[in-house]
Amino acid sequence: MAIETTRDNICVNHIIAQKTETVIVEGDSIIPDIKPDILNAISTSGTVCIYKKEINEGKVRLDGCIDTYVMYLADDENNSIRGVNVNLDFTQVIDVPNAMPEMNLDTEVKLKNIECKVINGRKIGIKAFLEINIKVTTNEDIDIINNVNLKGIQMLNKNLNINSLIGRGSTKVYAKDTIVIDNIDNLAEIMKADLHISNKDVKISYNKILAKADLNVRLLYLTDDNRMNTVESVIPVMGFIDMPDVTEENVCDTKYEIKNVVIKPNNAEDHSVYVEVEIEIYCEVYRNQEINIIQDLYSPTMNIMFTQKQIKIMQRKENVQSTCNIREKQTIPELAGNKIYDVTTNVDITKQTVLNDRILYEGEVTLNYIFNSSNGVDTKKIVVPFNFNVDFPGVNQNSNIETNIEMGAQDFVITSDDSIDVKIDIIFNVTMAKSADINIIDDIKEEENRSACTCSLVIYYVKDGDTLWKIAKKFGSTVEEIARINGIENVDKLNVAQQLFIPRYHE
């Protein structure tokens, strides 16, 4: 016979697979007829755009492009500096065991390095190295029995604090701006474009999440009189995501993904550049809640049978942000007396060590200087190693850690002694979650009545491994009665060979 119970419902987000894979994207491109032949490439940069991503059975597919800028030395009588913009399309299919179409897919694609090779004066080959981070999850609604409506039932309970998933959502936004350049500059072409998102924040109200951030745009451009200059702009990014039942106490994970980039001279206004970037904002929301888990139960008067099943839960999903400040003085002979046009920074975490309450990071910042020289324009690459500790109370070796790197303020100043004062802020956004396997009672039934015990009192000597709960269940008594009869104050402490009087349960 089934027994009446009450239950809690939670939505659990399971991690099915996590994978990091490095792939190479290659392609050839022809220099447009309106541009001079290429002699050699000076600098190559790019922005990754993901058009589409999907899960198939056992596989993940990503479609996108790398919006690439190549600055090159032209093969003409003036050895002029020119640039070409190339869209390098790609499709990557990655094996992810156990992935299924109905599951959730999170991806992060980083451009680790990009190279340009001159094939001939009118043709170049581009090779890009991408690091693709994939996480596949699934949602499961689980009913957990928190009480049994039966007189005299004895239950062994445990309270757990878990993160249950409230929901997932996304929205597509467009960051647009007309960036004004110097009035004396007549724009010839864009030589390089750096885009990155910073200052991410969320506000919650009225069943909506307001996701806010800044799109930082830095353009290196060429003028009609063969000068190079830079211009920067910060474009606000804002989008609303519907999320029923969300509150300010919830944990919100937001991710931003660039889908498409348009950068072109503004035809309606001289001395300006039109920028339009399509961005998709993804959000997961979790609720911290305490649930009551029944670990074991019995009835002193009835024969109760139950089944259990194991589930995986998420505990303590928390976020910490910390900033690594790199401050150093560099002496680079090639740059002495020259002007720095642009510096590209790329951060690579080479090692991550998780200890109790902190995470140790080792990494490198690669600085690619673009500066004027006797040849017109030249580049210099410098690698700066760093170590950084992030304090994170509660984190340990069993924690699931996700680290997102965001570039903060950057400044490179040539001083009077021709050295360079380097100031770089690297913002670490670290998310921690702990997964645990727990057993929950799945089904409870009453079987035939147990044999009646004719003894009103049993004398028992404690054995190794005994607990009051096990003893009470074995003899059909209760923990409370055994503790009362024997004057036990701490029910969790028993001594081997300790004599106990076990009273019979009375309704």
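Residue numbers start at 1 and run along the sequence shown. All heavy atoms count here, side chains included; hydrogens, waters and symmetry mates do not.
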Trainee: Mind checking the CG-CD1 spacing from Asp89 to Ile66? Nearest 0.5 Å is all I need.
Mentor: 9.5 Å
Trainee: Out of the candidates Asp492, Thr478, Asp296, only one should pair with Trp469 under the side-chain hydrogen bond (donor to acceptor under 3.5 Å, both in side chains) rule; please name it.
Mentor: Asp296
Trainee: Is it true that a side-chain atom of Glu406 and a backbone atom of Asn199 form a donor plus acceptor pair closer than 3.5 Å?
Mentor: yes
Trainee: Could you tell me which non-hydrogen atom of Pro244 sits nearest to which non-hydrogen atom of Ile166, and how far apart they are?
Mentor: O-CG2, 3.7 Å
Trainee: So among Ile144, Ile145, Asn147, which one has a side-chain contact (heavy atoms from CB on, under 4.5 Å) with Arg7?
Mentor: Ile145
Trainee: Cation-pi check for Tyr206 against Lys208: NZ or CZ below 6.0 Å from the six-membered ring centre and within 45 degrees of the axis, yes or no?
Mentor: no
Trainee: So, taking the atom named CZ in Arg218 and the one named CD in Glu232, what distance separates them when rounded to the nearest 0.5 Å?
Mentor: 4.5 Å
Trainee: Give, for atom CD of Glu481 and atom CZ of Arg504, the distance between the pair rounded to the nearest 0.5 Å.
Mentor: 13.0 Å
Trainee: For Ser164 and Ile10, indicate whether the former's side chain and the latter's backbone hold a donor-acceptor pair under 3.5 Å.
Mentor: no
Trainee: Looking at Glu57 and Lys59, is any side-chain nitrogen of the basic one under 4.0 Å from a carboxylate oxygen of the acidic one?
Mentor: no
Trainee: Supply the atom-to-atom distance Cys324 SG to Ile424 CD1, rounded to the nearest 0.5 angstrom.
Mentor: 9.5 Å
Trainee: Counting distance only, does the side-chain N/O of Asn486 pair as donor-acceptor with the main-chain N or O of Ala483 below 3.5 Å?
Mentor: no
Trainee: Of the options Asp242, Asp253, Asp106, which is the one that meets Arg168 in a salt bridge (Lys or Arg N to Asp or Glu O under 4.0 Å)?
Mentor: Asp106
Trainee: Within 45° of the axis and under 6.0 Å from the centre of the six-membered ring of Tyr282, does NZ or CZ of Lys53 qualify?
Mentor: yes
Trainee: Between the side chains of Asn429 and Gln321, is a donor N or O closer than 3.5 angstrom to an acceptor N or O?
Mentor: yes
Trainee: Between Gln330 and Glu328, do the side chains contain a donor N or O and an acceptor N or O under 3.5 Å apart?
Mentor: yes
Trainee: Donor-acceptor pair, distance only, cut-off 3.5 Å: does the side chain of Ser299 make one with the backbone of Thr301?
Mentor: yes
Trainee: Can you tell if the side chain of Met238 reaches within under 4.5 Å of the side chain of Leu210, non-hydrogen atoms only?
Mentor: yes
Trainee: For atom NZ of Lys329, is the number of surrounding heavy atoms from other residues, nucleotides or ligands below 6.0 Å larger than 12?
Mentor: yes
Trainee: Any idea how Tyr361 and Phe428 line up, ring-wise: parallel (<30°), tilted (30 to 60°), or perpendicular (>60°)?
Mentor: tilted
Trainee: Taking the side chain as everything from C-beta on, heavy atoms only, tell me whether Gln410 gets closer than 4.5 Å to Thr345.
Mentor: yes
Trainee: Under 3.5 Å, is there a donor-acceptor pair between the side chain of Ser45 and the main chain of Lys192?
Mentor: no
Trainee: Just by distance, no angles: are the side chains of Asp63 and Thr91 close enough, under 3.5 Å, to form a donor-acceptor pair?
Mentor: yes
Trainee: With a 4.0 Å cut-off on N to O distance, would you call Lys127 and Glu115 a salt bridge?
Mentor: no
Trainee: Is the count of non-hydrogen atoms from other residues, nucleotides or ligands lying under 6.0 Å from Glu248 atom CD greater than 12?
Mentor: no
Trainee: Is there a donor-acceptor pair under 3.5 Å between the side chain of Asn396 and the backbone N or O of Asn398?
Mentor: yes
Trainee: Look only at the side chain of Lys445 and the backbone of Met305, and say whether a donor-acceptor pair between them is shorter than 3.5 Å.
Mentor: no
Trainee: Whether the Gln154 and Tyr298 side chains hold a donor-acceptor pair (N or O, under 3.5 Å, no angle test) is what I'd like checked.
Mentor: no
Trainee: Quick test of your reading of the model: are Lys312 and Asp437 salt-bridged, counting only N-O distances below 4.0 Å?
Mentor: yes
Trainee: Scan Thr22, Thr366, Asp348 and name whichever one has a side-chain hydrogen bond (donor to acceptor under 3.5 Å, both in side chains) with Lys112.
Mentor: Asp348
Trainee: Would you say the side-chain atoms of Asp177 pair up with the backbone N or O of Val275, donor to acceptor, closer than 3.5 Å?
Mentor: no
Trainee: If you look at every heavy atom in Ile241 and Ser170, which pair is closest and at what distance?
Mentor: CG2-N, 3.9 Å
Trainee: Working to the nearest 0.5 angstrom, can you tell me the gap between Asp411 CG and Arg327 CZ?
Mentor: 9.0 Å
Trainee: Tell me if the CG atom of Asn159 is crowded by more than 12 foreign heavy atoms within 6.0 Å.
Mentor: yes
Trainee: Check this for me, if you would: do Glu108 and Lys255 make a salt bridge, where the nitrogen-to-carboxylate-oxygen distance has to be below 4.0 angstrom?
Mentor: no
Trainee: Donor-acceptor check, side chain of Asn207 to backbone of Asp245, threshold 3.5 angstrom: yes or no?
Mentor: yes
Trainee: Within this structure, what is the CD1-CD1 distance for the pair Ile94 and Ile134, rounded to the nearest 0.5 Å?
Mentor: 3.5 Å
Trainee: Does a side-chain N-to-carboxylate-O contact under 4.0 Å join Asp421 and Lys423?
Mentor: no
Trainee: Are Thr6 and Asn146 linked by a side-chain donor-acceptor pair shorter than 3.5 Å?
Mentor: yes
Trainee: Just wondering, do Leu500 and Ile471 contact through their side chains at under 4.5 Å, heavy atoms?
Mentor: yes
